[in-house]
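Scroll down for the structure; my scribbles are underneath it.
Proteins get letters first, then strands, A, B, ... in listed order; numbering begins at 1 in each. Just the heavy atoms: all of them, side chains too, but no hydrogens, waters or symmetry mates, feed the values below.
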Amino acid sequence: MQRYNPKDIEPKWQAAWAASGIYKAEDFSSKPKYVMLTEFPYPSGDGLHMGHTREYTYGDILARYKRMHGYNVLFPMGYDAFGLPTENYAIKQHITPQAATDANVANFQKQLESFGLSIDWSRSFRTTDPEYYKWTQWLFLQFFKHGLAYQKESAISWCPFCKTGLSNEEVVNGRHERCDTLVEKKVLPQWMLRITDYADRLIDGLKDLDFPSRIADQQINWIGRSEGAEVKFYDVDDDDETNPITVYTTRADTIYGATFLVLAPEHPLVEQLTRSDHAGAVATYVKAAAAKSDIERQDTDREKTGVFTGAYATNPLTAEYMPVWVADYVLAGYGTGAIMAVPAHDERDWAFAKKYDLKITRVIDSDTPEDSVSTGPGKLINSGNFDGMPNVEAKTAIINFLAEDGLATLKTQYRLRDWIFSRQRYWGEPIPIIHCPEHGAVAVPEDQLPVVLPAVDNYEPSDDAKSPLSRVPEWVNTTCPTCGKPAQRETDTMPNWAGSSWYYLRYFDAHNDTVFADRKKLDYWGEVDLYMGGMEHTTLHLLYSRFWHEFFYDQGLVPTPEPYKARRGQGIILAADGTKMSKSKGNVVNPSEIIDSGYGADAMRLSIAFLAPYDQTTPWNPEGVAGTHRFLQRLWQLVQGFIEANEKREGEPLDDSIVQADILRTTHHAIKRVTTDLDTLGFNTAISAQMEALNQLYKLRDQDEFLSVNAWQAGLEAMVQLVAPFAPHFAEELWQQLGHEVSVHTSAWPQYDEANVATDEVTLAVQINGKLRSEITVAAEADEATTVAAAQADIKIAPLLEGKTIRKTIYVAGKIVNFVVG
RNA sequence: GGGCGAGUGGCGGAAUUGGUAUACGCGCGCGACUCAAAAUCGCGUUCUUCGGAUUGAGGGUUCAAGUCCCUCCUCGCCCACCA
């Protein structure tokens, strides 16, 4: 008897698949297409981790499953190789980023191949290939030409460790999300992408997409659309009303209760408004605020501080004087950087007014105690003609009233900021712009793309906020494409999110040299049918790439308004102790070690998919792979036993009708469950269904010792097909042994027949007053009267019913009989 | 503070969506095989005072609740002085 040894069969079938090219996706195939996308990896020096392994295992299971359903499946893979970690790693190792990338990609590739993934490698690329980033640059220029890429001097987040500017999305709790360094503020001329122009589209587009609500909600929250109004207030000394202080508010209903104004320390009017006797205090405060780090300023528990400017503004509705304050709880970057404070109905304003003894006027009726803040809805009071109006209605009524005098306008605000697109680092796509003294920023002509990243000796970042490319004069100095006079290249590079913002489109036509992708191929492949990836990319890559795609659609470059029809986020695999896997804790599990330990890729894939539901974060169980290995071994032994029994019994086909029906029922039941589970990403339950079926088949084997030859052949074939997406090498080997010459992975997914799944007898629970008292087995076709009679007559039930009145009988076919007795 | 989600054996988890709670697997225990160990196979494994009790706690709806409703507790993720 042959033993199951993954070390023999896995490399063998990997080589065979590579040679036959069975996983190649065919452009313009007449079969229905299915694009199964998993996020391409960043090839770090550490190799693939369990998160990658989980994602690609799931992706491969579905790719194979869809292929067996007759789809022309595209399951591609590439490398997102530009970016800071590689560059930092290369600096440490004293090698070039190119060399580091080559080594890391080779390592990743070897690991991915050992997993037995059904990837179409002919479409692979790296974002660092000049043939690829030529098109990243070309696409950037489309933004530039349409005014969506612009240069602006602005205060941005600067990572002093990585020595580069960062986007808002890359700063988490005041730290750079990659290296955890506290960020600083730096004023730099930066390239920006106008993602805010697409804020509404990015929200509204979600309606038609199959995204889990937690992903959609997170994006909506991040964009942070709020409907409100800008309201003008005037300094009491500004008699001509030429110089308004404009505030943004979503609570126009509370303007009668606005008792003071607050400006952010960075607000441009601070200096002008400040009266001379307050100038010293205000200047000191503004300076102190500037010195604080983001993390300090964002601490919501901090006591509010502020300083009076000496100025007063008039409340346009009450005509009362409102002192104008400066305080750092008001953010310069949101709205207008100035607010009207309504201490009675806003917790922050309340705290501030209490501390500095400012006037508090309640304008919404409320049950809450007099000396407290009330933020809930209610009817207006102390509000002139608006008294008695529900505050929700008052919002528009008051805006309309003020608008008559030009004092208020409706305004939609977003939390989303434009995307800071410049990085002062070497290892990224050069931004294809030439600065001409006469013509300003000029696009590099298309026929001169790509702007190739020059090879340099020293690519370390510098503290002066200048990209290392600025130290390469022979590259920087060029001529203006417009006038031919001396000009200089832009030396900033793109962020590593650039290449990943459109990579899925390149898989449709990976090696095209004349366009980023052929339009006919884009039309054929269309959208990504299912995109799996990490939850951590929801407000980064996933939002960025939707923005790019929506812009491309507007330019007529792609056929669909959205890139991804459906998105799912898999859960994280934690270390066995429930903490995050991390190098510093030394609890990182290496997938290659699991494979090499003798369990093989198939058992590892099964154990990952069996671990927990798809989207659930869960600790890794190092013993689990032994369990799935045992499962494979038991299935292997069963098939070997059948093959041997068959050989011995050549020429005498025996069929035992009872067991035959049981084999059929067991396998068809399994087909049904695995099919419905895989349709809903129920990978873990799909596996347990196969385990249950196998346990059942062992019992049947004990009954008939493989006498029912035809039933066993069909049943075992189905079992091998069911396990094929999960354990592809294993299934391929057994499929061949069962007499097939064509791959199991191109075979048609087995179908089940309800007639075979059904049993002739059913077991029902019998309850008295809802408590389980017995079980009865009746014929499947038994009607209610027969079943209830059988239940009443049951040996355990009859004595319990004696002398009692049955007030009601509940009958659920095939499930329960419940007697309600008095 | 806001948004989303989750609490079921020693552990990961299952439950046809209101109908026999604890499937499947891990771990553990006992046994078989073995000089022995590993591997493999078989049996057992929520608790129990053997009446019954049990899905974070308490209440409600129902013939029937892990599932629906209310109150509360705990944990996780994301956002957070966003006016």
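Phosphate proximity of B/rA53 to A/K771: present, with a side-chain N or O under 4.0 Å from OP1 or OP2.
The nearest whole Å value for the distance from the CG atom in A/L632 to the P atom in B/rA39 is 17 Å. Residue A/R175 contributes atom CZ, which lies 17 Å from atom C1' of B/rA80 at whole-angstrom precision. What separates CH2 of A/W620 from P of B/rC26 is a distance of 13 Å, to the nearest Å. The CG atom of A/D217 sits 11 Å away from the P atom of B/rG3 (whole-angstrom rounding). Remark: P of B/rC63 and CD1 of A/I797 are 20 Å apart, rounded to the nearest angstrom. Atom pair A/E775:CD and B/rA21:P shows a separation of 10 Å (rounding to whole Å applied). One can place CD of A/E623 at 14 Å from P of B/rG12, the figure rounded to the nearest angstrom. Computed from coordinates, the A/Y334 OH to B/rC79 C1' distance equals 14 Å when rounded to whole Å.
Between B/rU20 and B/rC63, the distance separating the two C1' atoms is 15 Å to the nearest Å. Comparing the C1' positions of B/rG18 and B/rA64 gives an interatomic distance of 8 Å, to the nearest angstrom. For the C1' atoms, the distance linking B/rC73 with B/rG58 amounts to 10 Å, nearest Å. Here, B/rU45 and B/rG56 have their P atoms 23 Å apart, quoted to the whole Å. Here the separation of B/rG51 from B/rU55, taken at their C1' atoms, is 22 Å to the nearest Å. Distance check on atom C1': B/rU17 versus B/rC33 gives 47 Å, rounded to whole Å. Between B/rC50 and B/rC35, the distance separating the two P atoms is 45 Å to the nearest Å.
Between A/K411 and A/E227 there is no salt bridge, since none of the side-chain N atoms of the basic residue sits less than 4.0 Å from a carboxylate O of the acidic one.
With a 6.0 Å cutoff to the six-membered ring centre and a 45° limit on the axis angle, A/K304 does not count as a cation-pi contact of A/F352.
With no hydrogens or angles considered, a side-chain donor-acceptor pair links A/T305 and A/Y285 at under 3.5 Å. Defined by atom type and a distance below 3.5 Å, a donor-acceptor pair is present between the side-chain atoms of A/S167 and A/E170. There is a side-chain donor-acceptor pair under 3.5 Å between A/E169 and A/Y544.
Listed nucleotides B/rG13, B/rA15, B/rG19 differ in distance to A/I810; the shortest reach to its side chain belongs to B/rG19.
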Given Watson-Crick and G-U pairs under 3.5 Å, RNA chain B in dot-bracket ([ ] crossing, | other strand) is (((((((..(((......[....)))((((((.......))))))((....))..(((((..]....))))))))))))....
